[in-house]
Amino acid sequence: MKKLRAAIYARHSTDKQNPTSSQDQVDACRPLVEQIGAELVETYTDPEISGYRRDRPGLMRMLRDVANGHIDVVVCEALDRIARDGEDISWLGKKLSYHRVRLFTNSEREIDEVKLAVAGLIGSMFLSNLRTKTFRGLKAAVLAGRLAGGKAYGYRKVAGQDDAGRTVNGIFEIYPEEAEIVRRICREFAAGRSPNDIAVGLNRDGIPSPRGGEWGPSTVRGDPKKLVGILHNPLYRGRLIWGRREWRKNPDSDRRERRYRLRDQSEWIEVDMPDLRIVDEQLVAQVDAEVKRRQVPEGTRASGSMQRAKHLLSGLIHCGACGAKHTLVGKDYYRCVRNKDRGTCAQGVTVRLNVVEDAVLGALQSKLLTPDLVKLFKEEFNREVARLTRSRDEADQDARERLTALEIEISNLAQHFLQGTVSPTLTAMLNDRENEKAQILQRLSFKPAETSTVIPHPMLVKRYEEKVGRLRDALNDETVRSDAISALRSLISSVEVHVDESGEAMLQVEASTSTLIDFAEPRAPGGRSTMLVAGVGFEPTTFRL
């Protein structure tokens, strides 16, 4: 028989653990590889990476080799080395089982479905208990007058000991150099300078931000409701407020990015820390007065759901040098936001609003729909029409099968009524199924006036050009400008501003073929619109202004 090909996987979580921990795990697994009569063909390690992440480089490389048939057995020290979360354990178990790869650990030997289920339960319980205990420990530290969490700007960590001589974490003192920067920001803001100007000045003076990079207006301004930002951090005022945010890891992301929500104010923990005050009462009062003076009155700003782009290219123009967005300067000029707000981008060219809009619309009309691209449409368009037809047929078949099941259920419920068994629950069940049956019958009887068909591509291009031409005129008509902007923005993926050797501005426009075709196609009333396959894109078109 062919000898089994084995792989060893090892991982440790943080840099606070022994740096050789992962390699030690590999060495500990080698005897087990020999015991099961396998040949070690590869080792995969993920040092200093949490087991809660799915996108670990070593793990991803191992799964690719598993899928390619290069591995028969995976060995690790314990199951929590390869995954901790119950969902991840089940996910990995299914992947390995699908490719007929066996899983062994030093502690449990071969892992079957029962062991996977038990390990998933134990892993979930462990993570839940760990969160509870961590929160309890941090809360106790805060109530004892210590800072729970990482480094705070304006402070530095100092060694602390309790009465028994044991090391105590969370002891901080004011860092004079950074504290003076905090006071500088507060003084400049109280004197009337904008957060943008303050950030530009700090960057110009070479002062690193709290994260070590560039200062931005939001770092200065923050949010008074969330108590974040230099201007609103309560610790600078001698008061620690802890527990404002409840953090959660996003289960839909392989990296499990952290998201948070603000807790109710009654759940916040507040502790006076006068020794850590950086900003005195007088300066605090001046800052608060200036914040209040600049506030926009309630009700004068449209809600987020009601806000619409005022200009065609708002948020779509990016700097070709640094990648930052362009923002309006004055009434009708665009400029790199990092050049304007931070002073850290050398590309300070400005481009006029109407000139950029005309240039982009011209590119959509004359440069993007070329004969070569029209040829590319044909195959993708026909393939998508065929797919939609199959999907419609499959949906109709599912509906007919559900209709048969509903008729049986309705008949059984009717028998109960004939036998004199009547109750609100049975009546509600019968009504639900009758309504669902009526909806399915209506859907099956509906025959659209115009089904998905292949449009001749010269006509498709012509329709698109006609629509873009009308929208271009519509931008100048205030009664329909908002709708025209919304329609055109859906066609444009991005616009980059570059500068050539002579200092002249150039634009690079990118759009999506699928969106352009969908825009060009008419939609018959009551008919079925054709959704086109995504993934076919234009090469960016570059031209001078």
Side-chain angles (χ1 to χ4, degrees), residues 5-26 28-29 40-108 111 113 115-117 119-131 134 149-150 211-213 245-261 323 493-494 534-535 537:
R5 297 162 298 175
I8 294 176
Y9 178 82
R11 177 195 64 80
H12 66 274
S13 297
T14 71
D15 56 0
K16 295 180 181 179
Q17 294 177 255
N18 187 333
T20 64
S21 176
S22 291
Q23 186 57 48
D24 292 343
Q25 293 172 39
V26 172
C29 291
L40 180 62
V41 295
E42 188 60 273
T43 61
Y44 307 88
T45 60
D46 283 313
E48 301 178 15
I49 299 181
S50 170
Y52 197 75
R53 282 178 52 179
R54 283 188 181 180
D55 65 339
R56 288 166 267 158
L59 178 64
M60 292 295 101
R61 190 163 59 90
M62 184 187 78
L63 291 178
R64 284 195 297 271
D65 288 347
V66 165
N68 291 330
H70 301 325
I71 299 171
D72 303 312
V73 177
V74 172
V75 178
C76 56
E77 185 181 48
L79 204 52
D80 63 2
R81 295 301 88 199
I82 201 167
R84 279 195 176 276
D85 181 76
E87 180 186 353
D88 290 347
I89 291 174
S90 176
W91 171 72
L92 282 165
K94 287 180 180 178
K95 279 187 171 293
L96 295 179
S97 176
Y98 177 78
H99 294 290
R100 298 184 181 276
V101 174
R102 298 161 68 185
L103 176 60
F104 286 80
T105 69
N106 274 351
S107 52
E108 295 97 358
I111 305 297
E113 291 184 356
K115 289 181 179 178
L116 275 175
L121 176 61
I122 293 175
S124 295
M125 292 174 62
F126 170 81
L127 290 174
S128 178
N129 290 334
L130 181 63
R131 283 193 294 268
T134 301
R211 295 183 180 273
R245 295 179 287 187
E246 181 181 16
W247 289 92
R248 288 289 183 266
K249 291 184 177 179
N250 181 8
D252 294 328
S253 167
D254 287 341
R255 293 186 63 86
R256 300 297 201 267
E257 294 100 342
R258 300 211 305 164
R259 299 286 186 269
Y260 72 85
R261 70 170 182 86
S493 299
S494 67

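Predicted model only: the values in this text are computed from it and were never measured.
Contact check for E42 versus H70: no side-chain heavy atoms found under the 4.5 Å cut-off. Considering only heavy atoms from C-beta on, E77 stays 4.5 Å or farther from S107 through its side chain. Residues M62 and V74 meet the side-chain proximity criterion, which asks for heavy atoms closer than 4.5 Å.
The distance from the CG atom of L59 to the CZ atom of R81 is 13.0 Å, given to the nearest 0.5 Å. Here the straight-line distance linking atom CD1 of I89 with atom CG of L79 works out to 5.0 Å at 0.5 Å rounding. With rounding to the nearest 0.5 Å, the separation of CG in L103 from CD1 in I82 is 5.5 Å.
V26 and A10 get closest at one heavy-atom pair: CG2-CB, 3.8 Å. When all heavy atoms of H99 and A67 are compared, the pair lying nearest together is CE1-CA, 3.6 Å. Counting all heavy atoms, side chain and backbone alike, I71 lies closest to V73 at CG2-O, 3.2 Å.
Residues passing the side chain to side chain donor-acceptor pair (under 3.5 Å) test with E108 are T105, sequence neighbours excluded. Qualifying side chain to side chain contact (heavy atoms under 4.5 Å, CB included) partners for D24, counting only residues two or more places apart in sequence or in other chains: N18, T20. Remark: D72 pairs with R5 by the salt bridge (Lys or Arg N to Asp or Glu O under 4.0 Å) rule, at least two apart or across chains.
The side chain to side chain donor-acceptor pair (under 3.5 Å) with S22 is formed by just one residue from the set H12, R11, E48; it is H12. Just one residue in the list T43, T45, D46 forms a side chain to side chain donor-acceptor pair (under 3.5 Å) with Y9, and that residue is D46.
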